[in-house]
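Working notes, beginning with the structure itself.
This is a predicted model, so every value here is computed, not measured. We use all heavy atoms of the structure for the numbers below, so side chains are in, but hydrogens, waters and symmetry mates are not. Proteins get letters first, then strands, A, B, ... in listed order; numbering begins at 1 in each.
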Amino acid sequence: MTRFLHTADWQMGRRYGRFNEEDAAALFEARFEAVERLARLAHDKNVDAVIVAGDVFDSQTPADRTLHRTFQAMGGFDGPWILIPGNHDAALPESVWTQAARIRAVPDNVHVLLEPGVSEFREQGFVVLAAPLTQRQTYDDLTAWFDTAATPEGLLRIGLAHGSVEGQLPDAADSSNPISANRCETARLDYLALGDWHGTKSINPRMWYSGTPEQERFKDNGAGQALIVEVDHPGAEPSVAQHPVGKHHWIKVHQHLSVATDLDVLVQEIGMLPPQSVVDLTVDGETDLAGFERLQQVLGAASGRQRSLASHLDALSLAPTEADLASLHADGYVGDVIADLRERQQAAGDEAGVARDALAILVNALRERRAGAAT
Amino acid sequence: MKLVYLQLADVRQFRRPLRLDGLTDGINLFVGPNESGKSTVADAIRAAFFERYKSRSVDYLQPWGDSSAGPEMEIAFDWKGERWVLNKRFLNKPRCDLVIGHEHLSETDAEDKLAELFGYQFALKGASRPEHQGIPGLLWVRQGSIQDISDPVSHAAEQLQSALGTSLGEVAASAGDELTNALEKERGQWLTRVGRPTGEYKIAIEACEAGHAKLGELDKKIAEYRGQVDELGRLREQRQSIDQPEPWRVERALASEAENRLREVRGWQSQQQQDQARLQGAERGRELCRQQARSFEDDTRQLAKRANAQAEAQTQVEGCQSRGPQLDAKLTQAKTAYEAAQTAASQAHQWAERARVQKEHQELAATLTRSRETLQHVRDLQNALAGLYGQHQANVIDEKVLAKLRRCRNKLDELAIRRESVATRLQFDLQPGKSVSIGADRVTGNGERLLLEATEVAIPKIGTLRLQPGGTDVAALVRDERRVQDQHDALLAELGVETLADGEQRLAVGKDLANQIGREEARLQGLAPAGADALAAQCKSDQERVAALAAKLDALPVVKGEPLDDATAQTALEAAQRKLKSVEQSDADLKRDLAIANQLLVTSTQEWRQLNSQLESPEYRARVTAVSNQLVTLNAEVESISNEMDARQQKIDAVQPEIMQQDVDRHTRSAEAMQRAATERKQAIDRLEVTLETLGAQGLEEARATLSQQVEADDHRCSELARRTAALDLLLGLLKGKRQALTRQLQAPLQKHLDHYLKLLFPHASLTVDENLTPEILTRQPATEPQSGGVQSLSYGTREQMGLISRFAYADLLREAGKPTLIILDDALVHSDPARLGQMKRILFDAATRHQVLLFSCHPDNWRDLGVPARELQTLKAAVA
């Protein structure tokens, strides 16, 4: 029986622009930790090999330090690591791989298959039919040659490819790097390890996308996992087990506030988010000052629990009640200003957002003033 | 409020008490020159209210040089039905007393009471300053400061605002102004006053821009890097597919093969050149032989020609010789003819001479006969003329005398007529058969008689009648008639004629004879112009010549035969001569031709012989044969070489050596180019590998991702700040706008008063006040276009007018709020032009209907039409004195 770990799309060296510096740095680090966890998982599960189906690196020219750190993070498993390049790190004449070789960052147990061909791992009981990308994009199915490739008897035929399985992916608008959905049948593969799709996805029992081990998009497609694949003997149906390895969940939340209970729902939802997530929160609709205050309090608390909490409240209108105004002592012309701003929130486009901000500023200032007066 | 009187003592020039009383509502005008004490009075009033009685700061009020004096003033006014009297003394024994009706206040209580009523404050220390002076500071205007309005208003702001009923502080809701200030402060962190980013916001924007620029640079570098990677791949692929098989080897082999083939062809070409030389040699020899053969042919033709020449000469000689005898005969004949013609010509000449002399003789003889006849005729004529001369002499008469006679005759006739007319006319008609005698006459029948003298008529049987003619002149007339008759008779005698008719007859005959003589003389002249004697001489000489010619004729020989015409004979002679000459020429020509022909015959015969002997020689014959043989040999050789060369040339043309050379060049160059390209590719690959290695080590894309992360963060920050500032701007704008609107609403009463006065000065103008109630913007509407400007930017004069108008408006406001309003003006409006001053006086007068005004001026003339009496300070002072 052969057991191996299937992973892909590490995207090492990826940077996160939309976050603040601290969060971005943490998310950058998280990918190295993910590789370390993969190594540990491989070790723990005592697998025969780790197969990485492309896009190991996010770009062709990462910093040398990133190269070194990546390969060092793999140190927790000393069995063979079998890597192919994907579209981000294609085996171009000059590439991240030539640089890695040049700076001698690649350990001996790491096999980078830069050219299409059959690699034999007799000790582990399988051969790898690798379809590395040698261009950034191709419109040919690079796995086509698998069909006619002869391999020694008794060894599993494991395909390794990076691209889009035709007709299977939800947004397969990107038709580059196509892979036939029947490849396992036509090429008599025991397993075809795929990369490129960042969620975990099974095309058929022998054909899987492992997904990226550490999520990096707001897409709820089961990312952040690795697959442990066991094949009893050539021709046997593999058993595939999913193992979560990711640290941060990327979660998008959208809530419309119109009645008071809507806010309760939102507060509950925020409370139930897994900690250390990357959260993108959009709230629109309308709330009174008390609601707004409560929302801000809840968001403040949540930002402590989460890795990152980005909240978009532009489309949320403030609707101070009479009681609100009374409590703020917003009399005289200040009261007029508040009324004016409330109306302006109904305008189209940016103007409404600006009016809401202005109203928030005014309300906060009044509240602070009251607080000051009270003390 | 109404000031009732005021009294000063020991105040500057007013050592003795000065009392201004009888003050009225409305305007109180005090005039006087400079230093007459106007300002002293005003200063004293100010000091009385503004300064604490204990203040040491009022020493300026002391009379000059008297530091021990205690300036004292008493001011009385009515307010709300009560009389307020303030008595205050400074410096020396200072005190302060205030009596309000029955109430008495003293010292600071009194002072504070007044301050509260009038709305001012005391300085905590030292002299009162403008900021303490509140409402009076605004309404009591010092000399030359009426245009300053901003500061006094701000010092009176509190009182003015309270007069407006609500303070603006209240207007600002609980926290409006405070909020605005706080928000302004926050906005100031991000934006300058005009809205340009500043501070952290500015830095953030700059960071964004710098980040984007850097990002652009990196993108460019990355694109370059990617391009180079692609280029490397392309080159490597080319190296693999193009250079690896070393295609230049094939080209070199092809070049070499073509070269070998070309070498062979070059051999042929060289052989061809040699043969060409040989062919040319043979052709040259052959040409020489041909020339030789042609020369032999020429010799033969020359011989034949010479034979012909010889024969021709012979023919000519014979021709000449045959013509000789014929020509001799002709010559003889011509000579004979010539001699005959000569004889004929001589005879003809003699004939002609004789005929000529004969003719001359005949003619002269005829002439002589005619001359003789003429001479006879002349003699006859001369005789006839002699007779005529005698006749003419007999009939000569004096023509003048005859004319006289003729006149006398006429006179006589005239006198006779007169006599008849004067005479008595006696007419008678007698019966037939009867007669009478008149004078001596006897008459019958009828008739008439003129009676010049007494006449008797005797009638037979009757008697006699005596008739006496009447009239006087009859006698004179008769006398004249007798005298003229005498003259007439005398003249007849002179002329020797009987009657006048005779005289006339003689004259006519004389004239006729004279004419006849003339005619005959003319005929004579015609016949013998030179006279008859000359004619006779001529006859004689002619006779002699006739004789001579007769002699000559006899001497001439007599010619026999037919008479010959001289000219015809001459012509015949000339023809014979020409003929002879021509025949002689022919003879000479023939002789010359013969000589030439003979010479030619000799020469040609000699030449023929010479050439013939040459051609007949054995050497010459041998040479001809040799040349002929040589020509045959050379012809064969030329043909053989030409054939060989043609065949070889066809071979050469078939393989096209130029194209073969091009093949060699082409293959060689292709090989070189391929090798060069391969080398260059190799070098380019090496270069790119090195470059990419270097670039790869820079971690460009990760660096970009890192930078991009930073830039995104900066962008986010910028947009947050942009939103924040936009929100702040909106909020501040709204706050200020609302507040301003509210302020305007609250200021409406003040505005109403301002408008009231302004209308009098500038119709259709408006003056706004800011929230401190200070006049701000004056907008005027002249005919052309509205002019708007800050009060500070107006002319001095206009600012002065605005200052006064504003003060009146404040006073109105205060009055409505139940505050006391006293207005003191020290020399106001000195900078206004007469027109404006006129308007301002209307305003002043109007204001004075509501407020008491103390007006001090050193220009009494300016205020004469103010409707109030002017009080002269000097007079007042003097009155005190």
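Of the atoms belonging to A:Q99, it is side-chain heavy atoms, and not backbone ones, that fall under 4.5 Å from chain B. Neither the backbone nor the side chain of B:I222 comes within less than 4.5 Å of any heavy atom of chain A. Contact of A:F28 with chain B is made through the side chain alone, with heavy-atom distances under 4.5 Å. If you measure heavy-atom distances from A:R136 to chain B, the contacts under 4.5 Å come from the side chain alone. Contacts between B:L700 and chain A at a heavy-atom distance below 4.5 Å involve backbone atoms as well as side-chain atoms. With a threshold of 4.5 angstrom between heavy atoms, B:A182 does not approach chain A through any atom at all. For A:A360, no part sits under 4.5 Å from any heavy atom of chain B, backbone or side chain. For A:R356, the part sitting under 4.5 Å from any heavy atom of chain B is the side chain, from C-beta outward, and nothing else. Looking at B:R724, both its backbone and its side chain come within 4.5 Å of chain A, counting heavy atoms on both sides.
Atom-to-atom distance recorded for A:L92:CG and B:Q228:CD is 13.0 Å, nearest 0.5 angstrom. Here the CG-CG distance, from B:L735 to A:L362, works out to 6.0 Å after rounding to the nearest 0.5 Å. Rounded to the nearest 0.5 angstrom, A:I361 CD1 and B:L728 CG are separated by 4.0 Å. A distance of 3.5 Å separates CD in B:E693 from CZ in A:R102, rounded to the nearest 0.5 Å. With rounding to the nearest 0.5 angstrom, the CD atom of A:Q135 is 9.0 Å from the CG atom of B:D230. Taken from OG1 in A:T61 to CG in B:L218, the straight-line distance is 9.5 Å, to the nearest 0.5 Å.
Of all the listed residues (B:S708, B:A727, B:G737), the one sharing the greatest number of non-hydrogen pairs under 4.5 Å with chain A is B:A727. Ranked by non-hydrogen atom pairs under 4.5 Å with chain A, the options B:E186, B:R234, B:R226 are led by B:R226. Interface summary for chain B: among A:S59, A:A24, A:P93, A:G353, the most heavy-atom pairs under 4.5 angstrom belong to A:P93.
At distances below 3.5 Å, not a single donor-acceptor pair connects side-chain atoms of A:E94 with backbone N or O atoms of B:V229. In this structure a side-chain-to-backbone donor-acceptor pair under 3.5 Å is missing from B:E702 to A:G13. The backbone N or O of A:V354 lies less than 3.5 Å from no partner atom in the side chain of B:R723, so there is not a single donor-acceptor pair.
More than 12 heavy atoms of other shown residues, nucleotides or ligands fall within 6.0 angstrom of atom CD in A:E29. The neighbour count for B:E246 CD, taken as heavy atoms of other residues, nucleotides or ligands under 6.0 Å away, is above 12.
Here the closest heavy-atom approach between residue A:A365 and residue B:L179 is recorded as CB-CD2, 3.3 Å.
The only option from A:D357, A:D340, A:L359, A:L341 that meets the side chain to side chain contact (heavy atoms under 4.5 Å, CB included) definition with B:L731 turns out to be A:L341.
In this view, B:K736 and B:E184 satisfy the side-chain hydrogen bond (donor to acceptor under 3.5 Å, both in side chains) rule, not counting sequence neighbours.
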Could you give me the CA-CA distance, side-chain angles and deciding distance for A:D58 and B:E701, then say whether side chain to side chain contact (heavy atoms under 4.5 Å, CB included) is met?
-> CA-CA 9 Å; A:D58 193 50; B:E701 281 162 305; over 6 Å; no

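Salt bridge status for B:K738 with A:D336: absent, with no side-chain N to carboxylate O gap under 4.0 Å.
Residues of residues 710-719 of chain B lying under 4.5 angstrom from chain A, judged on non-hydrogen atoms, are B:Q710, B:E712, B:A713 by number.
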